[in-house]
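Accompanying notes for the structure given below.
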Amino acid sequence: MNTTAGLEAEDFDTLDNILDDLRERFEETPQWEFCEGFMAALVCCRRAIPDSEWLPMLLGIDPDEAEGGSFADEAQRQQFMALWQRRFDEIKLALDTPVEALDDDKAYAPEVMDVRGAIASLPPEEHEEIEDSEIPSFAQVWALGFMFAVENWPDEWATPKDKDAAKWHDLSLEAIVALTEDDDDEPTFSALAEDGPPSVSEERLNAYGEALWAVYDLREIWRNIGPRVAQVIKAATPGRNDACSCGSGKKYKKCCGA
């Protein structure tokens, strides 16, 4: 049950600072937007993935150790995990709450950055300095984080056997995969500010909306199907007059079946 308040701007700043600190010891530590997408996939996943599995996968660290490419200390670990859980509960509640439109205050709204818009807002001299850098498209990093989780737990994301569920499952993943691609169309909108410089194409904004609805669909699919059930194979029991399977040479009824 969700018993915690959602994260505020300062909470996301804290998470960014922790990730920056981790990155000094483990250079592959991702940005928060990647973590946000990864977390959304964990919320939608068929099985609840424990910390012991996702922490090493996402951050490359041992969840039980506070040294050696890991958290700086126990206090930092607890702070990160507490904020992570609050955001996890917030996303879960949003995806489980029926909404009619994505602009509903209760709808899931990923923490994504409009990096291209931010760069376009810089003074010309600063803009030129980073012009040749690889700048991610809107929500691209979020989608990459989502698919990173899907790819690392393939058994939990295998296509359902039910035909209708399989169709929606595949279409939903395709919608998210589409966001992992670059936005090469002409920018006509500002993603996060009405008066900002154009940084996102109309096609990209439409794809973003489709991806968010896809997350809702994936959450609903696995909630309806439930976790995978391990198949139990029962060994055949010998007949009473058959030779006992233990190799004693006696009949089953006078040996292990007695």
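Residue numbers start at 1 and run along the sequence shown.
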Test item: [X] side-chain N/O and [Y] main-chain N/O as donor-acceptor pair under 3.5 Å:
X: Asn152; Y: Ala149; answer: no
X: Glu33; Y: Met113; answer: yes
X: Asp182; Y: Asp184; answer: no
X: Gln140; Y: Leu179; answer: no

Verdict with supporting geometry, Arg46 and Trp157, side-chain contact (heavy atoms from CB on, under 4.5 Å): CA-CA 7 Å; Arg46 187 171 187 176; Trp157 288 90; over 6 Å; no
Hey, is [X] close enough to [Y] for a salt bridge, meaning N to O under 4.0 Å?
X: Asp185; Y: Arg204; result: no
X: Asp155; Y: Arg47; result: no
X: Arg87; Y: Glu36; result: yes

Out of curiosity, [X] [atom1] to [Y] [atom2], how far, rounded to the nearest 0.5 Å?
X: Glu156; Y: Leu42; atom1: CD; atom2: CG; value: 11.0 Å
X: Glu74; Y: Gln76; atom1: CD; atom2: CD; value: 10.5 Å
X: Glu202; Y: Glu186; atom1: CD; atom2: CD; value: 11.0 Å
X: Arg77; Y: Leu55; atom1: CZ; atom2: CG; value: 8.5 Å
X: Asp16; Y: Gln31; atom1: CG; atom2: CD; value: 7.0 Å
X: Ser52; Y: Met57; atom1: OG; atom2: CE; value: 11.0 Å

Evaluate the side-chain proximity of [Y] to [X]: yes if any heavy-atom separation is below 4.5 Å, no if none is.
X: Phe34; Y: Phe148; value: yes
X: Leu95; Y: Ile91; value: yes
X: Asp217; Y: Glu220; value: no
X: Met39; Y: Trp32; value: yes
X: Met81; Y: Asp51; value: yes

May I ask you to decide if the ring planes of Trp222 and His169 are parallel, tilted or perpendicular, using 30° and 60° as cut-offs? perpendicular
Report the C-alpha distance between Asp20 and Arg23 in whole Å, list the side-chain angles of each, state the deciding distance to 0.1 Å, and finish with yes or no for salt bridge (charged side-chain N to carboxylate O under 4.0 Å, His left out). CA-CA 5 Å; Asp20 287 343; Arg23 200 170 294 113; 2.7 Å; yes
Residue of the set Val43, Leu212, Thr97 for which side-chain contact (heavy atoms from CB on, under 4.5 Å) holds with Tyr108: Leu212
So which atom in [X] and which in [Y] form the shortest heavy-atom distance, rounded to 0.1 Å?
X: Pro30; Y: Leu58; answer: CD-O, 3.5 Å
X: Pro160; Y: Ile221; answer: CG-CG2, 4.2 Å
X: Ala107; Y: Ala94; answer: C-CB, 4.2 Å
X: Leu19; Y: Leu59; answer: CD2-CD2, 4.0 Å
X: Ile49; Y: Trp54; answer: O-CD1, 3.4 Å
X: Pro136; Y: Val115; answer: CG-CG2, 4.2 Å

Walk me through whether Arg219 and Val215 qualify under side-chain contact (heavy atoms from CB on, under 4.5 Å). CA-CA 6 Å; Arg219 171 68 177 163; Val215 175; 5.6 Å; no
Can you confirm whether the side chains of [X] and [Y] place a donor and an acceptor under 3.5 Å from each other?
X: Trp153; Y: Glu53; result: yes
X: Ser137; Y: Arg116; result: yes
X: Gln85; Y: Asp89; result: yes

Start with the C-alpha gap between Phe38 and Phe146, add the side-chain angles, then the distance that decides, and say whether side-chain contact (heavy atoms from CB on, under 4.5 Å) holds. CA-CA 4 Å; Phe38 183 90; Phe146 193 104; over 6 Å; no
Of all residues at least two apart in sequence or in a different chain, which pass the ring-ring contact (aromatic ring centres under 6.0 Å, His included) check with Phe80?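 Listed in chain order: Phe71, Trp84.
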Above 12 or not: heavy atoms from other molecules or residues under 6.0 Å from CD of Glu10? yes
Crowding at CG, Asp105 (>12 non-hydrogen neighbours, <6.0 Å):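 Atom CG in Asp105 is not crowded, with 12 or fewer foreign heavy atoms closer than 6.0 Å.
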Begin with the C-alpha distance, continue with both residues' side-chain angles, and end with the deciding distance and a verdict on side-chain contact (heavy atoms from CB on, under 4.5 Å) for Phe12 and Leu83. CA-CA 8 Å; Phe12 287 110; Leu83 291 173; over 6 Å; no
Aromatic ring proximity Phe138/Tyr208, centre distance under 6.0 Å: yes
If hydrophobic clusters are built by linking Ile, Leu, Val, Met, Phe, Trp and Tyr wherever their side-chain heavy atoms come under 4.5 Å apart, do Val150 and Leu171 end up in the same one?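 No: no chain of side-chain contacts under 4.5 Å links Val150 to Leu171.
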